[in-house]
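Everything on this sheet refers to the single structure shown next.
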Amino acid sequence: MAQCKVTLKDGSERWYEQGTTFADIAASIGPRLAREAVAVKVNGEVWDLARTLEQDAAVAFLTLDDPEGLDVMRHTCAHVMAQAVSRLFPGVKFAIGPVIEHGFYYDFADHTFTPEDLPRIEEEMKKIIAADYPVVREVVSREAALAMFREREDRFKVEIIEELPADAVITIYRQGEFVDLCRGPHLPSTGRIKHFKLMSIAGAYWRGDASREMLTRIYAVAFAKKSDLDAHLAYLEEQRQRDHRRLGKELGIFMLSKEVGQGLPLWLPNGAKVRRVIERYIVDLEERLGYHHVYTPHLASVELYKISGHWEHYHEDMYPPMQMDNEELVLRPMNCPHHMMIYKSELRSYRDLPLRIAELGTMHRYEMSGTLAGLQRVRAMTLNDAHIFCRPDQIQEEFTRVVQLIQRVYKDFGITDYYYRLSYRDPNDTHKYVQNDEMWELAQSMLKQAMDDLGLAYVEAPGEAAFYGPKLDVQVKTALGKDETLSTVQLDFHLPNRFELEFIGEDGKPHRPVVIHRGVVGTMERFVAFLLEQYKGAFPAWLAPVQARVASVSDEFAGYAEQVAEQLRDAGFRAEADVRPEKIGYKIRQAQVQKIPYTLVVGERERANGAVSVRKYGEGDLGQMPLSAFIAMLRDVVDRKELLVKP
RNA sequence: GCCAGCGUAGCUCAGCAGGUAGAGCAACUGACUUGUAAUCAGUGGGUCGCAGGUUCGAUUCCUGUCGCUGGCUCCA
């Protein structure tokens, strides 16, 4: 028998007979490895331990401590769940069951699950794990595979097999009475599965295609250690506590009601205060950076959107037209066309460029009801929007300035957990986009170049572009773990053509400008939703609806408390007095629950000294200080935009 | 929009398997005059999302509808 050389992770080399299983190789290295190995990486590919060594190879054994090893366990766990389902609900059809972050899911058809089914399925899974069935890989011919799954009437598996490339190695995995089409790899046996929990049931379209059958998906998590599972569940619970919908209600930020309409939020006084601070901040900053803020109406003629092309491409997301006099009007879903018209209102010289037109503009978009979520997804939203009209040679500098502005703003708000995404058009579905291949190629490579020159890391996302051009998105995570776009910068060579924009160049001839669309704060709604979750409702002093509450120790000091609050307001702060005849402990508790940054306790000792006793949210009693000293401190904290609690 | 679940007082939630509803907080009234996360007592408040149906009788079962939640699709 031929000998094969095995190079291990530590660089050492060993020789084994061809045909030796990797399980045996692991055993020859050590009993502990034999016990803990769940799979093996052979020349970079993850394999089952039962597979055999056929040629010289670089070999690394995987345990549950390796992310790839953990994924193998999660994948096998998905099969165990499917097996349990097939036992409990005969006739259920199986679609796909991939590994996802923290766990896995499996899509089923021809049976509707309810939440009560989950514990039953878990119980059955535990039996399957206890039975410790070996998981056996089997290579089968395409014909055999088709025959097998046709006989079971597993239409999804048949479809998958039919679409596999001609040279694909088709494998099935068996465990006990259960068999599934699967590429693998898997654990050696079901008994190796550790800790898991079935989480939720959801609908999901077959192959993610809304025109196809809706399947029932069961989501689950799985971990190597009980403590990891518990920690994950605790984390999810904590995330639920910081859900902006919960905090938004508790803190009086916004409300929604069906009487007002779905997805149409009302900003309550506290929310409006926060929003106003942000609006002032961003408008001031933009004006300093050479943006010109404008106001344009919420209604526009359909004609305007026919010129822009929105009517053709975006029509289904717009509220239908209203016929008045001899005009057809729509609620605007975006204000780019208005800004195009502002550009066109004068003859522009190359010396005028870049021209940066900005607006806090309210838009209305018809979002599908199922996608609405608190302030994160709404149907009426105010964008921190701007359109930069520039010469082609100015694109890169303007783009760079926008990215720097984004970074500046994120720093001021203490936003650190985000990533950049370059969104390109979907090369397989180009009809969704404006037709101009050359433009797309140019714009996409230009964005990439600019990001590379900035030295910023990014992910590339085909299919995420706007219909008129590629974009840079800044992605953040919501409390529920979903990615959302917070900021966006989009290159547009299209609208300038549609509106026939021009500037007079140095040569005295007309030229076409380029437009950069950009939203830094994005929408006020999503931004505030994000901040609520980011700060767990504890807004930094510069943003907080109430920066300081003055709490009187007893009625006798109500006058002094009012006086202190008024002095704070005169100094430009948002302050109020709590002079109710309640115990000081109760007032303090309420101020803490409302996450007010500073509570100022005033009684005899403070009144006598013109002082306040300062309690800071998250830190506790800072002791007594003269009111003037507190004002100086608060001013400094506000100016520096200091975060209230460390993230 | 699609699939599933949920919808009880202002808020958070009880209410086993059908017999016209309860707690805590909040609100209101009174007492207490208070020193760093809840003072005590009392009072009011719900056509149990809405509309049908089954039943002697429905918050409880069924159907429809509206809304919310999770996910899919979509997306700032």
Side-chain angles (χ1 to χ4, degrees), chain A residues 105 107 109 112-117 199-219 240 243 245-246 249-250 256-259 261-263 314 316-317 333-334 363 365-378 381-385 423 463-464 466 471 473-476 480 482-488 490 517-527 529-530 551-558 580-594 599-606 613-617 620-624:
Chain A
Y105 66 77
D107 285 346
T112 299
F113 294 91
T114 68
E116 291 77 57
D117 293 331
M199 301 299 286
S200 61
I201 294 168
Y205 297 110
W206 169 235
R207 304 220 142 159
D209 183 341
S211 69
R212 304 200 62 177
E213 184 173 355
M214 170 84 44
L215 310 171
T216 304
R217 174 173 298 178
I218 300 181
Y219 280 99
R240 272 191 280 277
D243 187 317
R245 288 167 298 195
R246 165 192 283 265
K249 183 180 272 186
E250 283 172 7
L256 291 159
S257 80
K258 70 173 159 187
E259 287 79 6
Q262 278 188 90
Y314 202 74
E316 289 185 353
D317 298 287
M334 33 195 81
M363 314 297 156
R365 299 181 186 171
Y366 173 73
E367 299 287 343
M368 285 189 294
S369 61
T371 67
L372 301 174
L375 281 183
Q376 259 153 14
R377 279 299 285 285
V378 293
M381 72 218 79
T382 299
L383 270 66
N384 162 231
D385 208 2
S423 297
E464 296 290 341
K471 52 181 182 163
D473 295 317
V474 188
Q475 300 296 109
V476 297
L480 295 179
K482 285 201 272 195
D483 271 18
E484 289 282 19
T485 303
L486 204 57
S487 305
T488 184
Q490 314 180 351
H517 306 242
R518 42 109 290 179
V520 173
V521 165
T523 71
M524 300 314 300
E525 287 74 15
R526 182 172 291 177
F527 197 72
F530 175 76
S552 53
V553 166
S554 73
D555 283 355
E556 198 194 330
F557 312 104
R580 295 172 301 167
E582 297 288 350
K583 288 195 146 186
I584 190 66
Y586 182 71
K587 294 183 185 181
I588 285 168
R589 179 186 148 75
Q590 287 207 324
Q592 297 296 299
V593 166
Q594 290 163 35
T599 306
L600 308 181
V601 176
V602 295
E604 181 57 46
R605 301 199 285 268
E606 289 74 18
S613 281
V614 181
R615 185 191 173 95
K616 187 175 178 190
Y617 180 86
D621 196 353
L622 302 185
Q624 198 186 104

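All chains are named by letter (A, B, ...) in the order of the sequence lines, taking the proteins before the strands, and each is independently numbered beginning at 1. Nothing here was measured: the structure is a model prediction, and the numbers come from that model. In what follows, every heavy atom counts, from backbone to side chain, and hydrogens, waters and symmetry copies are set aside.
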Atom pairs, N/O to N/O, protein against nucleotides 39-43 of chain B, distance under 3.5 Å?
none

Whole angstroms only, please: what is the [atom1]-[atom2] distance between [X] and [N]?
X: A/Asp621; N: B/A37; atom1: CG; atom2: P; answer: 9 Å
X: A/Arg580; N: B/C32; atom1: CZ; atom2: P; answer: 19 Å
X: A/Asp317; N: B/A76; atom1: CG; atom2: P; answer: 9 Å
X: A/Arg589; N: B/G24; atom1: CZ; atom2: P; answer: 16 Å
X: A/Leu600; N: B/G35; atom1: CG; atom2: P; answer: 18 Å
X: A/Leu372; N: B/C66; atom1: CG; atom2: P; answer: 14 Å
X: A/Gln592; N: B/A37; atom1: CD; atom2: P; answer: 8 Å
X: A/Asp483; N: B/U73; atom1: CG; atom2: P; answer: 13 Å

Is [X] touching bases, backbone alone, or none of the nucleic acid, heavy atoms closer than 4.0 Å?
X: A/Thr485; result: sugar-phosphate
X: A/Arg245; result: sugar-phosphate
X: A/Ile584; result: sugar-phosphate
X: A/Leu256; result: nothing
X: A/Gly208; result: sugar-phosphate
X: A/Glu464; result: nothing
X: A/Tyr105; result: nothing
X: A/Arg377; result: base

Is the shortest side-chain N/O distance from [X] to OP1 or OP2 of [N] below 4.0 Å?
X: A/Gln590; N: B/A38; answer: no
X: A/Gln262; N: B/C68; answer: yes
X: A/Ser369; N: B/G1; answer: yes

Polar pair under 3.5 Å, donor/acceptor by atom type, side chain [X], base [N]:
X: A/Gln475; N: B/A76; answer: no
X: A/Tyr205; N: B/G71; answer: no
X: A/Arg615; N: B/A37; answer: yes
X: A/Glu606; N: B/G35; answer: yes
X: A/Arg365; N: B/C75; answer: no

Side chain of [X] only, heavy atoms from C-beta on: which candidate in [options] is closest?
X: A/Tyr366; options: B/G35, B/A37, B/G1; answer: B/G1
X: A/Tyr219; options: B/U33, B/G35, B/G71; answer: B/G71
X: A/Val553; options: B/A76, B/U34, B/G70; answer: B/U34

For the residue pair [X] and [Y], establish whether any side-chain heavy-atom pair is separated by less than 4.5 Å.
X: A/Lys587; Y: A/Ser552; result: yes
X: A/Glu484; Y: A/Leu486; result: no
X: A/Tyr366; Y: A/Glu316; result: no
X: A/Leu256; Y: A/Gln262; result: no
X: A/Glu525; Y: A/Thr382; result: yes

Name all residues meeting the side-chain contact (heavy atoms from CB on, under 4.5 Å) criterion together with [X]; count only those two or more places apart in sequence or in a different chain, and write none if there are none.
X: A/Thr112; answer: none
X: A/Ser211; answer: A/Asp209
X: A/Arg589; answer: A/Val593

When you compare [N] with [M], how far apart are their [atom1] atoms, in angstrom units rounded to a whole number?
N: B/U59; M: B/U8; atom1: P; value: 15 Å
N: B/G19; M: B/C61; atom1: C1'; value: 15 Å
N: B/C66; M: B/A23; atom1: P; value: 35 Å
N: B/C6; M: B/A41; atom1: C1'; value: 38 Å
N: B/U63; M: B/G7; atom1: P; value: 15 Å
N: B/U33; M: B/U39; atom1: P; value: 15 Å
N: B/C48; M: B/A9; atom1: P; value: 10 Å
N: B/A51; M: B/A31; atom1: C1'; value: 49 Å

- Message: Between A/Leu480 and A/Arg245, does the side-chain contact (heavy atoms from CB on, under 4.5 Å) criterion hold? Intermediate values first, please.
- Response: CA-CA 11 Å; A/Leu480 295 179; A/Arg245 288 167 298 195; 3.4 Å; yes
- Query: For RNA chain B, what are the stems built from at least three Watson-Crick or G-U pairs in a row, each pair having both distances below 3.5 Å?
  - Reply: B:1-7 with B:66-72, B:10-13 with B:22-25, B:27-31 with B:39-43, B:49-53 with B:61-65
- Message: Under a 3.5 Å cutoff, is there a donor and acceptor pairing between the side chains of A/Glu116 and A/Thr114?
- Response: yes
- Side-chain (A/Arg526) to main-chain (A/Gln376) donor-acceptor, under 3.5 angstrom: yes
Got a list of protein N/O to nucleotides 3-14 of chain B N/O distances below 3.5 Å?
| unit_1 | atom_1 | unit_2 | atom_2 | d |
| --- | --- | --- | --- | --- |
| B/C3 | O2 | A/Gly203 | N | 3.2 |
| B/U12 | OP1 | A/Lys249 | NZ | 3.4 |

